[in-house]
Amino acid sequence: MKKSSIQPFLDGEGKVIQLPQRQQRKVAVLAYLAEKFPNGRDLTEREVNEICDCWHTFDDHFLLRRELVDNGLLCRERDGSRYWKAPVAPEE
């Protein structure tokens, strides 16, 4: 999905202002947000929250963190002690 399709959900600084209701667009917005996470590095829950807080305006890093994990864009240990960006499958 092109960035232009998620533009209505971003402010002028590129921060997410809301999650779309339609799943396809929601995943596109979440994938955009996932791009903000470093590759190949373990993160704490606090670091994930801080990155989310930098890139959205509606003060709900809990929702974003859960959606990123539920949609396979971030991985985490069951106890939440470690998060990491999901590996990207090569495009076919």
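- With rounding to the nearest 0.5 Å, the separation of CG in Leu33 from CZ in Phe9 is 14.5 Å.
- The line from CG of Leu43 to CZ of Arg65 is 12.0 Å long, rounded to the nearest 0.5 Å.
- For the pair Asn71 (side chain) and Leu73 (backbone), a donor-acceptor distance under 3.5 Å is absent.
- Rounding to the nearest 0.5 Å gives a distance of 5.0 Å between OH of Tyr32 and CG of Leu10.
- Ile6 and Val27 end up in different hydrophobic clusters when Ile, Leu, Val, Met, Phe, Trp and Tyr side chains are linked at under 4.5 Å.
- Between the side chain of Arg46 and the backbone N or O of Val48 there is no donor-acceptor pair closer than 3.5 Å.
- Put simply, CZ on Arg66 and CG on Leu64 are 9.5 Å apart, with the number rounded to the nearest 0.5 Å.
- With a 6.0 Å radius and a threshold of 12 heavy atoms from other residues, nucleotides or ligands, Gln21 has its CD atom at or below the threshold.
- At a threshold of 4.5 Å between side-chain heavy atoms, the hydrophobic network of Ile, Leu, Val, Met, Phe, Trp and Tyr places Phe37 and Trp84 in two separate groups.
- For the pair Leu63 and Phe58, the minimum side-chain heavy-atom distance is below 4.5 Å.
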Please set out all donor-acceptor pairs under 3.5 angstrom arising from side-chain atoms of residues 12-20, sequence neighbours excluded.
none

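- Residues Thr44 and Tyr83 share a closest heavy-atom pair of C-CD1, 4.1 Å.
- When the shell of 6.0 Å around CG of Asp70 is examined, it contains more than 12 heavy atoms from other residues, nucleotides or ligands.
- To the nearest 0.5 Å, the span separating CG on Leu68 from SG on Cys75 amounts to 11.0 Å.
- Of all non-hydrogen atoms in Glu47 and Asp42, the two that sit nearest each other are OE1-O, 4.1 Å.
- For the residue pair Lys85 and Leu74, the shortest heavy atom distance occurs at CA-CD2, 3.7 Å.
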